[in-house]
Amino acid sequence: MHAPWHVVQNEDKTRGTLEVLRRVRDALRAALEDGAPRPLPPEQVPWPLRAMPRLKDVDLSPSTTEEAYRAELKRERKNLQKLHSRLYREKVPVVLGFEGWDASGKGGAIRRLSWALDPRGFDVVPIAAPTPEELSRPYLWRFWRQLPKDGHVVLFDRTWYGRVMVERVEGLTPEARWSMAYDEINEFERELSRWGAVVLKFWLQIDQDTQLRRFEDRQSTPEKQYKITEEDWRNRKKWPQYELAVDEMLQKTSTEYAPWILVEGNDKKYARLKVLRTVRKALERRLDG
C-alpha cells in the first residue's frame, strides 16, 4: 500500500475538506514518527531474463586485421546511415547504453557508431556523478530527462547501472537501496520497450593485463594523459569487487527487451565492429520484423 486512494464523502464540502486535511496530517505525522524513509522490499517479478556468462568465462581472443576492419567499418557505416533515415521516418526511438572497465574502449566504440548517424538525429550523453539537484530526486529522474524523441538515438556513455556498480562497491548507497535497483531498472527499460524503443546495453570486457598496458600508454603519451587519473588506478585495485557486482548485474538485468551484449574488447577494432554489427542487426529486426 505505497500509494493508496482515499474516498472522501464530499456532499458537505466543509467536512470533505477537513477529512482531506486530517488524512494528510495523519500521513505526515506517521512519516515523521517513522524517521527516515525506508525503501519497500523489491517486488518478485518474473523478468524475461537471458542467460549470461560470467566475466571470467568470456573468451577475449577474437580479433581482426586492419584490412578487414576498414572494409567492414565502411560497410557497416553505410548500412547504419540508411537505417537511421528509416528510424526517423518510422519514429522509432533508440536507447544505447555503454558500460565497461576503465580503458575498455567505450569512447572509441561510441565515436565509430556516431560517425554513421545523422548529427541532427542523435545525442551522446556522458554520465558523471549526480549533482545535488539530481540527488534530491528519484534515482532514475536524471536519465528519464535524457531519453530520445521519436525517431532519434541516444548513446549513454555510462548509464543508470552505476547504481549497482560504483555506488555499490564504493559504499555510496545503502544495500537496501542498490539491491532494489535491479527491479527498478528492469521496469524502467520495460517502459522504454513498451513505448517502442530499441534498447541495447553493451559491456566492453578486457582483461587486467590489457587494462594495465592501456593505462601505461596513457600515462606515457602527453595527448592521452587527460584520460588517466588517480581514481582509475584506485578502481583497478578493486577489480574483484567490481567483477562480482558486474556479474550480478548481468545475471539480473539482461532481459529479452533490453539485453546486455558482452563485447570482447582486448582488440579494439574487433570490439568496434561488433558494436556496429549488433546495432545494425537490432535495427533491422525492429524495422523489418
Side-chain angles (χ1 to χ4, degrees), residues 64 66 68-100 102-131 133-134 140-162 188-189 191-193 195-204 218 223-224 226-227 257-261 263 265 267-289:
T64 188
E66 180 69 24
Y69 169 71
R70 291 186 178 279
E72 187 170 354
L73 180 65
K74 183 178 180 179
R75 183 168 59 252
E76 291 296 351
R77 285 177 63 184
K78 287 183 177 179
N79 290 334
L80 283 168
Q81 286 170 356
K82 296 176 183 177
L83 289 168
H84 195 195
S85 295
R86 290 184 60 192
L87 289 172
Y88 182 78
R89 292 196 301 271
E90 299 185 29
K91 301 185 182 303
V92 176
V94 179
V95 178
L96 305 176
F98 290 82
E99 295 282 1
D102 293 328
S104 61
K106 295 183 298 297
I110 290 171
R111 280 195 299 276
R112 271 65 183 186
L113 180 55
S114 65
W115 291 348
L117 303 176
D118 187 325
R120 297 168 295 179
F122 82 93
D123 290 295
V124 176
V125 179
I127 297 300
T131 65
E133 180 188 19
E134 292 166 340
L140 291 169
W141 175 78
R142 64 179 179 140
F143 303 104
W144 275 108
R145 297 171 66 233
Q146 303 289 354
L147 294 176
K149 298 183 292 185
D150 288 343
H152 288 242
V153 181
V154 166
L155 298 85
F156 284 93
D157 185 354
R158 300 291 190 188
T159 68
W160 38 95
Y161 283 95
F188 167 59
E189 293 171 350
E191 289 297 317
L192 298 182
S193 177
W195 171 40
V198 175
V199 184
L200 297 175
K201 303 160 317 197
F202 296 92
W203 176 266
L204 277 75
R218 288 178 176 184
E223 60 269 25
K224 294 182 180 180
Y226 74 95
K227 294 183 177 182
Y257 52 81
W260 277 103
I261 295 91
V263 180
D267 182 322
K268 288 184 178 181
K269 293 182 175 63
Y270 175 87
R272 294 164 186 169
L273 291 177
K274 181 169 182 177
V275 170
L276 288 167
R277 197 183 308 125
T278 302
V279 172
R280 187 255 304 163
K281 290 180 179 179
L283 299 185
E284 288 175 341
R285 286 194 298 271
R286 175 66 174 81
L287 292 168
D288 299 330

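The structure presented is a predicted model; accordingly, all values stated were derived computationally and were not measured.
More than 12 heavy atoms of other residues, nucleotides or ligands sit less than 6.0 Å from atom OH of Y257.
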Problem set entry | Audit row: W260, Y161, ring pair (Phe, Tyr, Trp, His ring centres under 6.0 Å) steps and yes/no | CA-CA 12 Å; W260 277 103; Y161 283 95; 4.9 Å; yes
Problem set entry | side-chain contact (heavy atoms from CB on, under 4.5 Å) between W195 and D150, intermediate numbers included | CA-CA 10 Å; W195 171 40; D150 288 343; 3.4 Å; yes
Exercise. Where do I127 and R142 land on the side-chain contact (heavy atoms from CB on, under 4.5 Å) test, with the steps shown first?
Worked result: CA-CA 10 Å; I127 297 300; R142 64 179 179 140; 3.9 Å; yes
For this session: I would like to know whether D102 and R158 meet salt bridge (Lys or Arg N to Asp or Glu O under 4.0 Å); could you show each step before the answer?
Result: CA-CA 11 Å; D102 293 328; R158 300 291 190 188; 3.1 Å; yes
For this session: Please test D157 against L155 for side-chain contact (heavy atoms from CB on, under 4.5 Å), starting from the C-alpha separation and ending with a verdict.
Result: CA-CA 6 Å; D157 185 354; L155 298 85; over 6 Å; no
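Between the side chain of E99 and the main chain of T159, a donor-acceptor pair closer than 3.5 Å is present. The main-chain N or O of A258 is found under 3.5 Å from a side-chain atom of K201 such that the two form a donor-acceptor pair. Remark: the backbone N or O of A197 is not paired with any side-chain donor or acceptor of R286 at under 3.5 angstrom.
Residues D123 and H152 fail the side-chain proximity criterion, which asks for heavy atoms closer than 4.5 Å. Side-chain atoms of R112 and V275, non-hydrogen and from C-beta on, never get closer than 4.5 Å to each other. Between T278 and V263, every side-chain heavy-atom pair lies at or beyond the 4.5 Å cut-off. Using a 4.5 Å heavy-atom cutoff, the side chains of L200 and P259 are in contact. Inter-residue side-chain proximity for K74 and R70 is flagged as unmet; no heavy-atom pair is nearer than 4.5 Å. Under the 4.5 Å side-chain criterion, counting only non-hydrogen atoms from C-beta, L113 is in contact with F98. Contact annotation: the side chain of V198 never approaches that of V279 to less than 4.5 Å [non-hydrogen atoms, C-beta and beyond]. Contact check for E133 versus W141: side-chain heavy atoms found under the 4.5 Å cut-off.
With values rounded to the nearest 0.5 angstrom, K268 atom NZ is found 9.0 Å from S104 atom OG. Here the NZ-CG distance, from K78 to L83, works out to 14.5 Å after rounding to the nearest 0.5 Å. Here the NZ atom belonging to K281 is positioned 11.5 Å from the CG atom belonging to N79, to the nearest 0.5 angstrom. How far NZ of K269 is from CG of L273: 9.5 Å, rounded to the nearest 0.5 Å.
The aromatic rings of F143 and W160 sit perpendicular to each other, their planes meeting at more than 60°, with 30° as the lower class boundary.
Minimum interatomic distance between L80 and R280 (heavy atoms only, all atoms of both residues): CD2-CA, 3.8 Å. Residues G196 and P93 approach most closely at O-CD, 3.8 Å, considering heavy atoms. Closest heavy-atom contact between V154 and L147: CG2-C, 4.2 Å. Taking each heavy atom of G121 and H84 in turn, the nearest pair found is O-NE2, 3.4 Å.
Salt bridge K274/D267: absent, no basic N to carboxylate O contact under 4.0 Å. Using a 4.0 Å cut-off between charged nitrogen and carboxylate oxygen, E72 and R277 count as a salt-bridge pair.
Among V153, V95, V92, the one residue that satisfies the side chain to side chain contact (heavy atoms under 4.5 Å, CB included) test with P148 is V95.
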